[in-house]
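The block underneath contains the structure these notes are about, expressed in structure tokens.
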Amino acid sequence: MSCNCGCTPHDPSCPDYGHIVGPDAGVLSADSCGATPEGNAPVWSIGCSVAVSLQDVVDQVRRLKTSLGFTSYRVWLVWEEQGDDNVYRDVRRVELQPVEVRKLDEVALTVGPGGVQPEGQIELYHVSPNQVRQDALLGRLDGKPWNGDRQRFFYEVVVRDQCPGGAEPTRFRFAPAALPVLSRGRDPFGWSIKLTSQMPARGRHGEDRTVALGEPAPAASKWGGART
């Protein structure tokens, strides 16, 4: 989408309107009062809007907040693929910045076959639409599903450690529990999404623990919950 086609406003009178919008161009008139008022004309792009331009400013402010130590957690989107040795390795890893983690205190700890395991949901807020689209938040890679038998997607959450030299903080793994919501008119400004806890979490240095925990290879629907 471009802001340089010369049309003011960008509407169906623009010679490139049908080409840009494609099958969503539609018609202006419906079945109410006859001629459709200007206020009911479709808006085909918000690329040059005030809200979109404001996102850059909001992201810079939130980055400053993080650099000053007021953001407690780091969050990554992680796409993994299993090798012939049954070990999962990163195909792509994207750190969300800015991001705010909420409701982590509502995740319960339960005792299972693998030891103490987290169960519950958290919420992410302030994820920037300038960084990621809806597809990425749902685990699609380059617009394509990442749902093969040897593929899995998850969110990795770890506290920001202020004490260098000690053991690395524990990493926790989550999967999407609901559709992401984009808000531009009120706080939280940006994407927000609910996540549900998953096991097994990765090691303190990001290493895969599937084989170490004695888990079988992800046959059938074993890892169905990890894929979207």
Side-chain angles (χ1 to χ4, degrees), residues 46-47 49-80 90-110 116-141 146 152-164 166-206 225-228:
I46 61 170
S49 67
V50 172
V52 170
S53 300
L54 182 61
Q55 187 71 55
D56 289 336
V57 178
V58 171
D59 289 352
Q60 288 294 332
V61 171
R62 288 173 176 166
R63 180 177 178 80
L64 176 61
K65 177 182 176 181
T66 298
S67 68
L68 293 175
F70 290 103
T71 302
S72 302
Y73 293 89
R74 300 177 71 182
V75 181
W76 291 268
L77 307 179
V78 183
W79 289 263
E80 286 187 331
D90 290 3
V91 172
R92 185 175 301 175
R93 163 183 283 261
V94 176
E95 181 171 2
L96 297 178
Q97 174 57 44
V99 65
E100 181 180 345
V101 180
R102 299 182 186 176
K103 297 191 176 181
L104 194 59
D105 60 336
E106 296 184 11
V107 176
L109 294 177
T110 61
V116 177
Q117 301 176 357
E119 289 188 1
Q121 293 187 353
I122 65 171
E123 296 180 6
L124 301 185
Y125 289 89
H126 300 161
V127 178
S128 174
N130 283 359
Q131 183 183 23
V132 289
R133 294 185 175 185
Q134 176 178 266
D135 271 0
L137 295 174
L138 291 174
R140 296 175 68 90
L141 187 62
W146 189 254
R152 63 187 187 189
F153 165 80
F154 55 89
Y155 290 70
E156 192 166 77
V157 178
V158 63
V159 68
R160 293 182 179 274
D161 191 9
Q162 66 180 33
C163 303
E168 291 290 327
T170 300
R171 297 169 183 249
F172 296 98
R173 191 170 113 183
F174 296 87
L179 289 174
V181 176
L182 179 60
S183 174
R184 295 188 185 274
R186 64 186 186 280
D187 189 66
F189 196 81
W191 289 110
S192 58
I193 184 171
K194 294 181 180 179
L195 307 177
T196 188
S197 58
Q198 267 194 348
M199 290 294 288
R202 303 213 292 184
R204 292 179 183 269
H205 299 278
R227 301 195 294 264
T228 55

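Remember, predicted model here, so these are calculated numbers, not experimental data. Sequential numbering from 1 along the given sequence is applied to the chain's residues.
Nearest heavy atom pair, residue Thr71 against residue Val99, reads CG2-O, 3.5 Å. Between Val158 and Pro169, the shortest heavy-atom distance links the atoms CG2-CB, 3.6 Å.
Checking Asp59 against Gln55 by side-chain atom types alone, a donor-acceptor pair falls below 3.5 Å.
The shortest distance between side-chain heavy atoms of Pro129 and Arg184 falls below 4.5 Å. The closest side-chain heavy-atom distance from Arg152 to Arg173 is below 4.5 Å.
Distance check, rounded to the nearest 0.5 Å: CD1 of Ile122 to CZ of Phe174 gives 4.0 Å. Within the model, atoms CD1 of Ile193 and CG of Leu182 stand 12.0 Å from one another, a figure rounded to the nearest 0.5 Å. The OG atom of Ser128 sits 8.0 Å away from atom CG of Asp56, with the distance rounded to the nearest 0.5 Å. Rounding to the nearest 0.5 Å places CG of Leu104 at 7.0 Å from CZ of Phe172. Distance check: Lys194 NZ to Lys103 NZ gives 6.0 Å after rounding to the nearest 0.5 Å. With rounding to the nearest 0.5 Å, the separation of CG in Leu96 from NE2 in His126 is 13.5 Å.
Among residues two or more places apart in sequence or in another chain, the side-chain hydrogen bond (donor to acceptor under 3.5 Å, both in side chains) test is passed with Thr110 by Glu119. Listed by chain and residue number, Glu123 satisfy the side-chain hydrogen bond (donor to acceptor under 3.5 Å, both in side chains) test with Tyr125 (two or more places apart in sequence, or in another chain).
Of the possible donor and acceptor atoms, one in the side chain of Gln131 sits under 3.5 Å from a partner among the backbone N and O of Gln97.
Residue Phe153 is tested with Trp146, Trp79, Trp76 for a ring-ring contact (aromatic ring centres under 6.0 Å, His included); the sole match is Trp79.
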